[in-house]
Amino acid sequence: MAAAPRRWTQWLGAAISLAMVVGVGYQLFGHGWRNFARSVPADPWFYLAFLAMYFALPVGDYVIFRRLWGIPIEGLVALIKKRIANEVLFGYSGEAYFYAWARERARTVAAPFGAVKDVSILSALAGNAVTLVLIALSVPFAAKLGPAQLQGLGLSALFVVAVSVPFWVFRRRVFSLPVGERWYVFWVHIVRLVVSTVLLALVWALALPQVPLGAWLLLSAVRMILGRLPFVPNKDLLFANFVGLLGAGQGLPMPVALIAGLTLVVHVLLLGAFPLAQLFRSRR
């Protein structure tokens, strides 16, 4: 009877892996490849910064689950696939894949669902906390925004607070991890978000060096804010306004499109490399 639960997790993991390959291929060769092929920097520091940014999320997750479960380095592969699934499929499909991976190792992983759930919720709460800080830091630029955008920004800030408060109020019922582990996970997510925001600005600056790094840092923060706020109208227009204020408008689509295309290329390379590595390991 023990084999039956294991079988469905194997099928789930395989199905999500196949969907990842199809999704990445569609995005890359559908509309992503043309944008990616426009311009490729020759500066090696650009690629080093990009790879650091790409792996910041799975490495942060690995640090977390290494402490919670003591997972081996092979767990990093599952966490990279988790990131790819969330980006090319639909929200939390990566968590479903990682949960299936953890269930396959149920002998060494205790209560996988509760831990995966807690880490996901704490990631969202950390993102909300960083977003609120970034909103506060962006107040000096609020005078340049229109009334509708100002109202949307205020409503969004209230929404971020509103959706976060219940998790803290009912934390004993929501979370299964001990308090100390929860704070550890929360602060790892905070560090990861800050590092990712800075690395994105650095990658943009290396792709378009004529724009000051400080401008890219602000734009990176604005991009993160807009990505998490539900009530801001015309997000693309608002982002363009910040670009214009900073004088970074010319050439901005190039690094944005380049990073999007390069991310898809790395997705493809990794999804192809993982099965080959496993095949090579099995033949040794």
Side-chain angles (χ1 to χ4, degrees), residues 16 20 47-89 91-102 105 108-134 160 164 167 171 174-204 217 220-221 223-225 227-228 259-260 262-264 266-267 269-271 273-274:
I16 294 178
M20 280 191 283
Y47 298 99
L48 290 175
F50 171 80
L51 289 176
M53 180 185 69
Y54 182 94
F55 288 108
L57 175 57
V59 168
D61 283 342
Y62 178 76
V63 170
I64 290 170
F65 286 104
R66 177 71 179 178
R67 169 160 173 153
L68 297 180
W69 295 342
I71 61 174
I73 192 64
E74 288 80 6
L76 183 58
V77 174
L79 290 166
I80 293 172
K81 289 183 177 181
K82 169 177 169 286
R83 179 209 158 141
I84 296 174
N86 281 336
E87 290 189 4
V88 303
L89 298 180
Y92 297 105
S93 58
E95 277 70 20
Y97 172 84
F98 187 65
Y99 172 68
W101 179 88
R105 289 143 187 86
T108 58
V109 174
F113 177 77
V116 172
K117 168 184 65 68
D118 286 5
V119 171
S120 298
I121 293 174
L122 289 166
S123 175
L125 292 176
N128 290 347
V130 173
T131 300
L132 289 174
V133 172
L134 292 176
V160 169
S164 301
F167 290 104
R171 56 190 178 276
V174 173
F175 296 108
S176 56
L177 291 174
V179 176
E181 301 289 20
R182 293 202 302 265
W183 279 111
Y184 177 83
V185 171
F186 179 80
W187 284 111
V188 170
H189 282 311
I190 291 288
V191 172
R192 187 259 305 169
L193 286 165
V194 173
V195 169
S196 297
T197 301
V198 173
L199 285 173
L200 176 60
L202 180 60
V203 170
W204 277 345
L217 283 170
S220 179
R223 183 175 179 269
M224 179 180 174
I225 293 173
R228 302 186 69 88
I259 291 170
L262 191 58
T263 299
L264 291 173
V266 175
H267 287 344
L269 292 176
L270 290 175
L271 289 176
F274 291 151

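Position 1 is the first residue of the sequence, and the numbers go up from there. Note: hydrogens, waters and symmetry copies are ignored here, and every other heavy atom, side chains too, is used.
- Taking the side chain as every heavy atom from C-beta outward, Phe50 and Thr263 approach each other to under 4.5 Å.
- The two residues His189 and Val119 come nearest to each other via the heavy atoms NE2-O, 3.3 Å.
- Between Leu270 and Tyr54 the shortest side-chain heavy-atom distance falls below 4.5 Å.
- At a threshold of 4.5 Å between non-hydrogen side-chain atoms, the residues Arg83 and His267 count as touching.
- Distance check, rounded to the nearest 0.5 Å: OH of Tyr62 to CG of Leu79 gives 9.0 Å.
- The minimum heavy-atom distance linking Arg192 with Ser123 is given by the pair NH2-OG, 3.3 Å.
- The shortest non-hydrogen separation linking Gly60 to Val188 is O-CG1, 3.6 Å.
- Heavy-atom neighbours of Phe167 CZ from other residues, nucleotides or ligands within 6.0 Å: at or below the threshold of 12.
- Looking at heavy atoms from C-beta onward, Tyr184 lies out of side-chain contact with Leu68 at the 4.5 angstrom threshold.
- Between Arg182 and Val179 the shortest side-chain heavy-atom distance falls below 4.5 Å.
- Phe186 and Trp183 have perpendicular rings, their planes meeting at more than 60° on a 0 to 90° scale where under 30° would count as parallel.
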Checklist entry - Would Trp101 and Ile71 count as a side chain to side chain contact (heavy atoms under 4.5 Å, CB included) if you check the C-alpha gap in whole Å, the side-chain angles of each, and the deciding distance to 0.1 Å? => result CA-CA 11 Å; Trp101 179 88; Ile71 61 174; 4.2 Å; yes
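- Summarising the geometry of Lys117 relative to Ser176, their closest heavy-atom pair is NZ-N, 4.3 Å, with the distance given to 0.1 Å.
- To the nearest 0.5 Å, atom CG of residue Leu125 and atom OG1 of residue Thr131 are 11.0 Å apart.
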Next on the checklist: Quick one, Asp118 with Val185, criterion side chain to side chain contact (heavy atoms under 4.5 Å, CB included). Give me CA distance, side-chain angles, the key distance, then yes/no.
Outcome noted: CA-CA 9 Å; Asp118 286 5; Val185 171; over 6 Å; no
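- The two residues Met53 and Leu200 have their closest heavy-atom pair at SD-CA, 3.5 Å.
- Taking CG from Leu199 and CG from Leu48, the interatomic distance works out to 11.0 Å, rounded to the nearest 0.5 Å.
- Counting heavy atoms from C-beta outward, Asp61 and Phe98 have side chains that stay 4.5 Å or more apart.
- In terms of heavy-atom proximity, Ala78 sits nearest to Tyr97 at O-CE2, 3.7 Å.
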